[in-house]
Amino acid sequence: MEPSVTRDLALAHGLTAEEYDRAVQALGRTPTYAELGIFSVMWSEHCSYKSSRVHLKKLPTEGRRLIQGPGENAGVVAIGDGIAAVFKMESHNHPSYVEPYQGAATGVGGILRDIFTMGARPIASLNSLRFGSLEHPRTRYLVGGVVSGIAGYGNSIGVPTVGGEIYFHPSYNGNILVNVFSLGIARLEKIHKGTASGPGNPVIYAGSKTGRDGIHGASLLASSEFDAASESKRPTVQVGDPFTEKLLLEACLEVMKSPGVVVGIQDMGAAGLTCSTVEMAARAGTGMEIDLDKVPLREEGMTPYEILLSESQERMLLVATPQTERRVREVFAKWDLDASVVGRVTDTGRVRVFFKGHQVADVPAHALVDDAPRYRRPSARPSWQEALANLDRDVIKDIEDGTKTLQALSTSLNLCSREEVYTEYDHMVRSNTVVRPGSDAAVIRLKGTKVALALTVDCNARYCYLDPAEGARLAVAEAARNLACAGAWPLGTTDCLNFGNPEKPEVMWQFERAIEGIADACRVLDAPIVGGNVSFYNETEGKGIHPTPTIAMVGFLEDVKGALTQWFRKEGDLVFLLGEPAGSLAGSEYLALLHGLEAGRPQPVDLAREKALHDLVRAVRDSGLVVSAHDCSEGGLAFALLECCITAPGAAVGAGINLEGKGRLDEILFGEAPTRVIVSAPPEARARLEQKAHAASVPVHLMGTVGGSRLTVVAGGDRVIDLEIAPARAAWRAALAGHLKS
Amino acid sequence: MKFGIVVFPGSNCDHDVYHVAKHVLGHEAAFLWHKDTTFAGVDCVVLPGGFAHGDYLRAGAIARFSPIMKAVEAFAARGGLVFGICNGFQVLAEAGLLPGALVKNAGLKYVCRDVYVRAERQDTPYTSRIKQGTVLRIPIGHGEGCYYAPEEGLQELEEKRQVVFRYCDESGQVTTGSNPNGSLRAIAGICNARGNVLGMMPHPDRCAEEVLGNAQGRRIFDSIVYAWEQARRQRI
Amino acid sequence: MKARVYVTLKRGVLDPQGKTVCASLHQLGYREVTDVRVGKFMDITLGGLPRREAEQRLKAMCEKLLANTVIEDYRFEIYEE
Amino acid sequence: MKARVYVTLKRGVLDPQGKTVCASLHQLGYREVTDVRVGKFMDITLGGLPRREAEQRLKAMCEKLLANTVIEDYRFEIYEE
Ligand SMILES: Nc1ncnc2c1ncn2[C@@H]1O[C@H](COP(=O)(O)OP(=O)(O)O)[C@@H](O)[C@H]1O
Ligand SMILES: [Mg+2]
């Protein structure tokens with residue numbers, strides 16, 4: 001027997017009293033149990049963006065090449081010749097904490113469906129991961145599970161994972177972050193949308209059967225804080241089936257190949273059948289009638305409530321026409337998948353659901369989506385924020401041994417090589433990967449064309465903690481800089497905004513400031529937002545994470561042959577710094593690692609100068625003046641120089657560097673700042689390179705020469721670093737495996 | 001010549017092989033659907049990489065029963081070229097077209113990276129343009145690539161010179177450190193006694209073009225084409 | 001002393017392996033098969049502990065490492081060789 | 001009718017999974033564990049066949065699909081629910 005709906009039951013479903021009243025008002029009566037389920041998931045934070053929507057409006061979503069901004073399953077950008085890039089990023093934080101392998105795997109499955117729903121074939125993925133400290137008992141287990149889960153799903157379905165980031169910090173001890181990005185390619189005329197137009201058209205369910213898994217999974221898990229009570233929410237984690245998803249992918253792309261067969265299509269993700277039917281109808285201003293008896297079920301005795309809210313994976317909802325319905329069923333049959341007509345599009349504006357001949361729900365589609373609650377939640381600068389900004393440099397002891405410090409940094413958990421992780425990902429399948437993981441941005445070619453795309457994902461959450469607006473600007477700047485270092489210019493940006501509990505004014509303040517920063521930087525750097533995701537409630541027992549607005553950016557290269565990598569190439573090449581050498585200890589990795597301090601105001605970015613730098617890097621690449629370019633970020637100048645020496649897939653090569661340093665040695669070597677790029681160039685290119693830099697008003701400093709088997713750095717006349725490259729490289733490469741082994 | 005590329009549900013390197021055959025080599029290529037029972041006009045059948053049937057149960061275990069496999073077996077029995085790459089190798093082993101089995105990597109993890117392999121003989125259609133002892137750099141991408149056969153089986157392989165590729169270091173030395181998955185006798189690829197069926201774990205299809213930074217895998221495809229042309233000339 | 005630990009997916013949790021094996025058995029003509037669920041087991045050899053204690057420790061091993069009780073159930077048997 | 005099929009790696013075939021589980025158990029302090037071997041099992045539900053026939057057909061399923069006898073041994077039990 002289904003419980004009768006009361007206000008208390010609504011509260012237990014996560015609706016507030018006001019939200020419940022609003023639902024009653026929208027219906028003009030007390031909701032049925034199934035309807036209560038529908039309202040509760042549709043108006044959950046995860047599905048409705050009720051706390052973030054008013055702020056997200058501030059993001060720049062216009063661009064010359066933008067075809068589809070936020071609002072669809074993924075963003076679409078034109079890249080010429082009638083081809084579009086379709087991409088998006090999603091979080092799967094809570095499920096991955098509970099069941100790391102399956103949580104991460106189904107996260108990948110979900111983002112891939114968002115892409116192929118649009119008619120695009122996914123061709124590359126990224127992942128951005130945050131874990132707690134190694135002292136936390138679950139950390140190693142979570143890392144192993146998450147990485148294997150991403151690998152297990154992505155490798156099997158055959159989409160290469162070409163890049164990402166992974167950081168460790170105690171603020172993620174109880175709340176890891178698993179953000180996954182995917183990009184697909186489609187011909188413009190084959191882009192499909194999630195609209196249910198054409199009253200009378202059949203609504204088709206395709207893919208895996210529906211089970212009881214994940215009822216209230218993504219929606220509720222991600223819409224409240226995490227605590228001991230979450231234990232009872234546990235079975236909401238699903239098991240992914242990448243094989244079925246691969247079949248679903250092929251079948252969907254096959255039916256979408258010929259125009260007009262599919263009217264609209266949307267995956268069943270969070271909130272399952274409910275969300276897809278309501279959203280598709282709302283977008284088209286139509287309605288739908290759905291017969292739950294036609295839904296393929298995996299288990300017996302499922303109730304309408306369960307069928308509507310199940311988050312079983314690997315399912316799609318399509319709208320065809322009476323003429324094309326057969327074709328759709330044939331294609332799915334070819335791929336051995338269930339496809340069944342579960343209903344019709346109507347012109348009533350309502351989604352009506354039937355079960356065993358009875359109506360179990362009758363809800364207004366439009367009201368559920370567009371009249372969802374929206375909150376401008378109170379926000380206030382945290383009382384502790386000001387104190388964080390103070391960094392008394394005089395109490396910090398300067399380093400004595402630059403070489404030892406560099407060794408310590410380069411083998412530290414956050415700066416050592418990520419090879420241990422990315423070799424578990426198939427990053428080469430589809431044979432497009434021109435620049436593999438291990439450089440500033442990955443580059444993939446597009447077969448049959450000369451062009452290529454560059455991909456990167458970045459966020460320094462410590463900067464965001466110290467100054468959310470500046471931190472967000474810095475994250476966008478770094479992403480764009482990474483693209484520039486690959487020789488690419490930004491096509492568009494997608495974000496994944498990971499924050500704590502939005503009902504806390506301090507968290508809301510962090511959120512608002514971060515949005516401001518992203519908006520600013522994306523505007524100046526010409527990298528519009530095409531879509532994204534908000535993940536709130538990343539809190540456990542009252543403790544929130546560092547604000548982490550992850551930024552993924554897609555760049556364009558007219559000619560794949562112009563792709564640059566970060567490592568030095570040739571003995572005798574000259575090493576230049578483009579940008580101001582001065583770095584700051586504020587918020588630096590050095591300060592955190594060696595002094596246990598997270599303080600200071602991160603060096604702000606001057607976006608106009610940043611843009612000028614990126615333009616310059618691309619210009620000198622285009623004129624063939626430089627052979628490598630590397631962004632200088634965490635770990636400062638010295639660590640970036642070391643990376644230039646040791647990250648080449650082939651043989652490593654040293655360099656002799658001379659810095660005209662004044663002041664603190666730690667600041668010169670390990671201070672951090674935006675707007676700095678290390679390039680290497682043949683000696684004969686020097687004059688032209690310098691001339692171009694001057695013309696662009698970008699500072700240029702000749703720092704030294706590539707060559708030998710050691711990295712030596714002289715600062716202010718003293719030799720401060722002298723490191724043999726081969727063992728340094730071996731140590732840097734082996735470090736992560738060592739840290740994770742325990 | 002014409003390459004026929006088998007598409008199992010879950011194959012994911014089918015397009016990569018197609019691209020190499022058609023656009024890099026400039027030969028003909030066609031997909032062969034796993035549910036078909038026959039094919040015609042094909043000179044070399046390729047079983048591509050991927051996760052046929054999800055590799056659930058064991059890699060290749062279910063795919064070997066696909067209807068197309070009877071035709072592939074018959075084609076091999078007539079001396080036709082059958083080339084299994086990665087998952088394709090696993091399918092051939094499960095189907096008994098090649099001896100032994102491929103089990104979980106010794107490190108238990110999927111591994112995607114470049115490895116070096118040494119060509120152990122030139123007198124196969126797959127190495128006809130590669131001198132014995134040549135070291136090739138080719139990427140791998142697999143979780144179950146550890147070659148296993150019982151001791152007698154290994155001896156027989158060696159006696160009949162069926163080991164075609166062995167993992168080695170850059171200089172061609174077979175060392176423990178250069179074996180990425182624990183394969184017995186560092187076996188990366190083997191052929192049948194007749195030499196017309198080859199299976200290998202590394203992916204020459206992922207390194208057949210300069211734009212990808214490595215074109216050494218192309219030498220295996222060039223060998224196939226060369227051998228086929230030689231054979232055709234003899235027939236004429 | 002030996003123990004055999006069985007780990008299975010919880011009822012209601014999708015078992016993609018079992019589903020695929022079942023479909024494949026059908027294709028091979030074994031139509032009589034109506035369901036397949038795949039699980040794993042671990043044969044553990046243990047040094048001499050009193051049985052009661054061994055039981056307790058095995059339970060802890062299962063909870064901590066051998067099974068993830070979010071999606072899996074476990075069960076074990078202890079026997080002497 | 002139900003059958004449980006057990007599949008194990010043959011003695012002599014390395015079981016890296018078992019070794020890793022064993023090492024992890026040691027790390028967690030379960031020093032009493034001296035060996036772990038990992039295997040899998042399949043719970044198969046079968047429609048009404050006489051037991052003899054079911055046995056024969058199960059044997060064939062195992063040989064053909066469920067085990068690879070180059071590397072694995074199998075064993076099964078049939079029971080009524
Ligand atoms: N989780 C991951 N998955 C795949 N590649 C990763 C991951 N983490 C880091 N990488 C790769 O390792 C390299 C170094 O990462 P990172 O230090 O974050 O680079 P950067 O500072 O240039 O942004 C990059 O090429 C990145 O793509
Ligand atoms: Mg980064």
Side-chain angles (χ1 to χ4, degrees), chain C residues 1-9 11 15-51 53-67 72-78 81, chain D residues 1-9 11 15 17-51 53-68 72-78 81:
Chain C
M1 192 181 335
K2 293 220 166 202
R4 175 167 278 191
V5 178
Y6 298 88
V7 179
T8 40
L9 285 169
R11 284 261 142 235
D15 174 14
Q17 288 209 62
K19 196 180 86 176
T20 309
V21 171
C22 186
S24 176
L25 286 172
H26 284 179
Q27 268 186 359
L28 290 177
Y30 300 103
R31 293 252 139 223
E32 68 270 30
V33 174
T34 55
D35 187 47
V36 179
R37 300 278 292 178
V38 178
K40 63 182 170 207
F41 65 87
M42 280 154 274
D43 282 327
I44 299 184
T45 315
L46 300 145
L49 282 179
R51 196 183 172 97
E53 204 181 325
E55 257 171 42
Q56 277 172 0
R57 289 179 71 86
L58 272 163
K59 185 163 186 309
M61 290 180 214
C62 288
E63 298 272 342
K64 273 195 191 158
L65 181 75
L66 305 179
E72 292 170 329
D73 287 329
Y74 67 88
R75 189 172 70 72
F76 58 83
E77 296 155 357
I78 299 183
E81 277 161 299
Chain D
M1 191 178 343
K2 293 220 166 201
R4 175 166 278 190
V5 178
Y6 297 87
V7 178
T8 38
L9 283 174
R11 290 259 146 227
D15 174 18
Q17 240 181 322
K19 261 178 40 189
T20 306
V21 171
C22 189
S24 304
L25 286 173
H26 284 177
Q27 252 171 29
L28 290 176
Y30 300 102
R31 294 253 138 225
E32 68 269 32
V33 174
T34 54
D35 187 48
V36 179
R37 300 276 297 175
V38 178
K40 62 186 164 206
F41 64 88
M42 280 154 271
D43 281 327
I44 299 183
T45 315
L46 301 144
L49 283 177
R51 196 184 173 97
E53 205 181 323
E55 257 170 42
Q56 278 171 1
R57 289 179 68 86
L58 272 163
K59 186 162 188 304
M61 290 181 216
C62 288
E63 298 272 340
K64 264 198 187 165
L65 180 70
L66 304 180
N68 177 347
E72 294 168 326
D73 288 328
Y74 68 88
R75 188 171 72 71
F76 58 84
E77 297 155 358
I78 299 183
E81 276 162 299

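Lettering follows sequence order; numbering is per chain, from 1.
Proximity to chain D is absent for every atom of C/Lys2, based on heavy atoms less than 4.5 angstrom apart. Looking at C/Val7, only its backbone comes within 4.5 Å of chain D, counting heavy atoms on both sides. The parts of D/Ile44 that come within reach of chain C are both its backbone and its side chain, each placing non-hydrogen atoms under 4.5 angstrom from that chain. For chain D, no part of C/Ala54 is nearby; none of its heavy atoms comes within less than 4.5 Å. Proximity to chain C (any heavy atom under 4.5 Å) is shown, for D/Leu25, by both the backbone and the side chain.
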Exercise for review: Any chance you could lay out the salt bridge (Lys or Arg N to Asp or Glu O under 4.0 Å) test for D/Arg51 and D/Glu55, step after step, and finish with the verdict?
Suggested key: CA-CA 6 Å; D/Arg51 196 184 173 97; D/Glu55 257 170 42; 3.7 Å; yes
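Within the 4.5 Å cutoff, side-chain heavy atoms of D/Met61 are placed close to those of C/Val33. Here the side chains of D/Glu63 and D/Tyr74 are in contact, with some heavy-atom distance below 4.5 Å. Considering only heavy atoms from C-beta on, C/Thr8 comes within 4.5 Å of D/Phe41 through its side chain.
Remark: the backbone N or O of D/Thr20 is paired with a side-chain donor or acceptor of D/Ser24 at under 3.5 angstrom.
Ranking C/Leu28, C/Asp15, C/Thr34 against chain D, the residue ahead of the rest is C/Thr34, based on heavy-atom pairs under 4.5 Å. With chain D as the partner, the residue from C/Asp35, C/Leu46, C/Leu66 showing the most heavy-atom pairs under 4.5 Å is C/Asp35. The greatest number of non-hydrogen atom pairs below 4.5 Å with chain D, out of C/Ala60, C/Gly39, C/Gly47, is found for C/Gly39. Of the residues considered (C/Arg57, C/Lys64, C/Met42, C/Arg31), C/Arg57 shows the highest number of contacts with chain D, using heavy-atom pairs under 4.5 Å.
Taking a 6.0 Å sphere around CD of C/Glu32, one finds it holds more than 12 heavy atoms contributed by other residues, nucleotides or ligands.
The two atoms that bring D/Tyr6 and D/Arg4 nearest to each other are OH-CD, 3.2 Å, heavy atoms only.
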